[in-house]
K.L.:
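Could you have a look at this structure, given as structure tokens, before my questions?
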Amino acid sequence: MQFPDSYFEDEVRDGFYVPGMMKRAWAAQLEILEDIDKVCKKHEIQYFAEWGTLLGAVRHKGFTPWDDDMDICMKRADYNRFLAVAKEELPGYSLLNCHNVHNGEIYWEFLTRVVNGKQVNFTEKHLDKFHGFPYVAGLDIFPMDFVAPAGQEALQVGLVNLVTIVINSMDSACVDEEGKEEQLCQVEELCNVRLNRAGNIKQQLYFLMESLFSMYSEQEAEKITLMPLGLESPNLQMPKAYYQEIIRLPFENTEIPVPAAYDAILRKKYGNYLKPVKSGGAHEYPFYKRQEQVLEETYGIKLPKYVFSAENLYFGQN
């Protein structure tokens, strides 16, 4: 993927200062998306821009200036097919989810994060592919599931809430071993499963949650959502028809797939989405801030960047 040198210059977009390193972070993520897109085209896997990435595509024709990450979504069947082939099709990448061990740990989220490494990387090969961005970059893939048909919502919500409580208790010192065992027996009885006490119980419960999220088929349901956030959030539950047709919209120097019903989706999620709001985010900004700190504290390396000071600011009248 080619970018002009000028793309990586500091810039003010919509009144928000975007440093050159953030531009490199954006470019690195677009490289990752391009590799994922190739896999999806090869295996006929459908995906859509999601969250701030969808909003940015529609409103800014690229990243929202104060956003630093990328999100896409897939229907559960496509998501499962992607996971089945991604390890072989994406050499050099790591898939972080509840199914894989990464750096000795399991990623306890109901999504998959595709990352381009395990640590800061200054090799020529890495910097060339990812446009001079040395930090670990990635994007999130959210599975979409179908909401229970009318009249059956309570069953799905009840089982998900039960398993959520048990998952939380596994790491809690407030629940003794006897209490945890009672909870596991209740889960087994109500969900008609058997948990292997000699295995990783928490991981098995995560697998069970994924089964509960996907317990209804597209034929049975009328709505689709991002589990678990949308299970009890009507504004995140969409008619399944919204995610049938794809169109591609400009995004920075490329195009990305979005639902053809993007206007209805964004209005239901955000209301007047055309009015920019500089808020939100589920992590500190920028996402590579801690990697910068580790680089500086451990190795004494501080990459150059522009820092505002009082002398740089002018408060005169216009």
Side-chain angles (χ1 to χ4, degrees), residues 1 3 8 18-19 21-40 45 47-57 62-64 66-74 78-80 82-123 125-144 206 226 229 251-254 256-257 280-295 303:
M1 182 176 289
F3 292 86
F8 301 109
V18 183
M21 186 58 75
M22 179 57 69
K23 295 284 200 65
R24 296 187 183 279
W26 288 354
Q29 292 173 81
L30 287 169
E31 284 289 346
I32 297 170
L33 179 64
E34 183 176 58
D35 287 340
I36 290 174
D37 185 75
K38 291 176 182 176
V39 174
C40 291
I45 293 171
Y47 76 93
F48 309 85
E50 184 53 86
W51 296 117
T53 304
L54 174 60
L55 186 60
F63 284 93
T64 299
W66 42 93
D67 195 8
D68 63 349
D69 62 1
M70 293 198 78
D71 300 311
I72 63 175
C73 64
M74 299 175 181
D78 286 313
Y79 178 79
N80 289 340
F82 176 80
L83 295 186
V85 301
K87 186 175 182 179
E88 179 178 344
E89 294 280 12
L90 294 171
Y93 288 98
S94 295
L95 273 66
L96 311 185
N97 55 37
C98 63
H99 296 263
N100 301 319
V101 177
H102 180 76
N103 287 350
E105 298 182 355
I106 294 176
Y107 191 62
W108 297 115
E109 296 286 350
F110 294 110
L111 56 87
T112 291
R113 182 161 180 77
V114 181
V115 296
N116 65 349
K118 298 181 179 180
Q119 59 189 10
V120 178
N121 191 336
F122 283 100
T123 63
K125 180 180 179 181
H126 181 91
L127 294 179
D128 183 60
K129 177 173 176 60
F130 296 108
H131 306 282
F133 188 71
Y135 305 111
V136 177
L139 62 80
D140 291 334
I141 305 177
F142 292 82
M144 300 193 76
Y206 264 69
L226 297 164
L229 296 175
F251 195 95
E252 300 298 327
N253 69 331
T254 185
I256 59 175
H283 56 258
E284 65 179 352
Y285 178 95
F287 71 83
Y288 52 86
K289 182 177 182 179
R290 293 189 182 184
Q291 295 182 71
E292 284 183 324
Q293 293 172 343
V294 169
L295 193 64
L303 297 182

K.L.:
Hey, does Pro134 have a side-chain heavy atom less than 4.5 Å from the side chain of Asn121?
P.N.:
no
K.L.:
Would you find a donor on one side and an acceptor on the other, under 3.5 Å apart, between the side chain of Asp71 and the backbone of Trp51?
P.N.:
no
K.L.:
For Lys129, which residues count as a side-chain contact (heavy atoms from CB on, under 4.5 Å) partner, sequence neighbours excluded?
P.N.:
Glu31, Asp35, Tyr93
K.L.:
Can you name the closest pair of heavy atoms from Cys40 and Met74 and give their distance?
P.N.:
SG-CE, 3.8 Å
K.L.:
Is a side-chain donor or acceptor of Gln29 paired with a backbone partner of Ala25 at a separation under 3.5 angstrom?
P.N.:
yes
K.L.:
Could you check whether the rings of Tyr135 and Phe133 sit parallel, tilted or perpendicular, using 30° and 60° as the cut-offs?
P.N.:
perpendicular
K.L.:
Heavy atoms, side chains only, cut-off 4.5 Å: are Glu50 and Leu226 in contact?
P.N.:
yes
K.L.:
Got a donor-acceptor contact below 3.5 angstrom from the Asp68 side chain to the Phe287 backbone?
P.N.:
yes
K.L.:
Kindly write out the residues that satisfy side-chain contact (heavy atoms from CB on, under 4.5 Å) with Asp37, not counting sequence neighbours, or none if the list is empty.
P.N.:
Lys41, Tyr47, Arg248
K.L.:
State, to 0.1 Å, how close Gly52 and Thr64 come at their nearest heavy-atom pair, and which atoms those are.
P.N.:
O-OG1, 3.9 Å
K.L.:
Tell me the closest heavy-atom pair linking Ala86 and Leu95, and the distance in Å.
P.N.:
CB-CD2, 3.6 Å
K.L.:
Please tell me if the side chains of Asn100 and Ile106 come closer than 4.5 Å, counting only heavy atoms from C-beta onward.
P.N.:
no
K.L.:
Would the distance check show the side chain of Arg113 and the main-chain N or O of Leu96 forming a donor-acceptor pair, the cut-off being under 3.5 Å?
P.N.:
no
K.L.:
Is a side-chain N or O of Trp26 found less than 3.5 angstrom from the main chain of Gly62, in a donor-acceptor match?
P.N.:
no
K.L.:
Compute the ring centroids of Tyr206 and Trp108, then answer whether they are less than 6.0 Å apart.
P.N.:
yes
K.L.:
For Glu284, look at atom CD and say whether over 12 heavy atoms of other residues, nucleotides or ligands are found less than 6.0 Å away.
P.N.:
yes
K.L.:
For Gln293, I'd like to know if atom CD has over 12 heavy atoms of other residues, nucleotides or ligands within 6.0 Å.
P.N.:
yes
K.L.:
Quick check: do Met22 and Tyr288 have side-chain heavy atoms less than 4.5 Å from each other?
P.N.:
yes
K.L.:
Is Met70 close to Asp140 at the side-chain level, that is, under 4.5 Å between some pair of heavy atoms?
P.N.:
no
K.L.:
Val114 and side-chain contact (heavy atoms from CB on, under 4.5 Å): which single residue from Ile36, Val39, Asn97 fits?
P.N.:
Ile36
K.L.:
Just by distance, with hydrogens left out, do Thr112 and Tyr107 show a side-chain donor and acceptor under 3.5 Å apart?
P.N.:
no
K.L.:
A side-chain contact here means heavy atoms from C-beta on lying under 4.5 Å apart; do Lys118 and His102 qualify?
P.N.:
yes
K.L.:
Taking the side chain as every heavy atom from C-beta outward, state whether Leu139 and Ile72 have any pair of such atoms under 4.5 Å apart.
P.N.:
yes
K.L.:
Do Thr53 and Phe48 come within less than 4.5 Å of each other through their side chains, counting heavy atoms only?
P.N.:
no
K.L.:
So, the side chain of Glu252 versus the backbone of Ala27: is there a donor-acceptor pair under 3.5 Å, distance only?
P.N.:
no
K.L.:
Between Phe63 and Phe251, does the ring centroid distance fall short of 6.0 Å?
P.N.:
yes
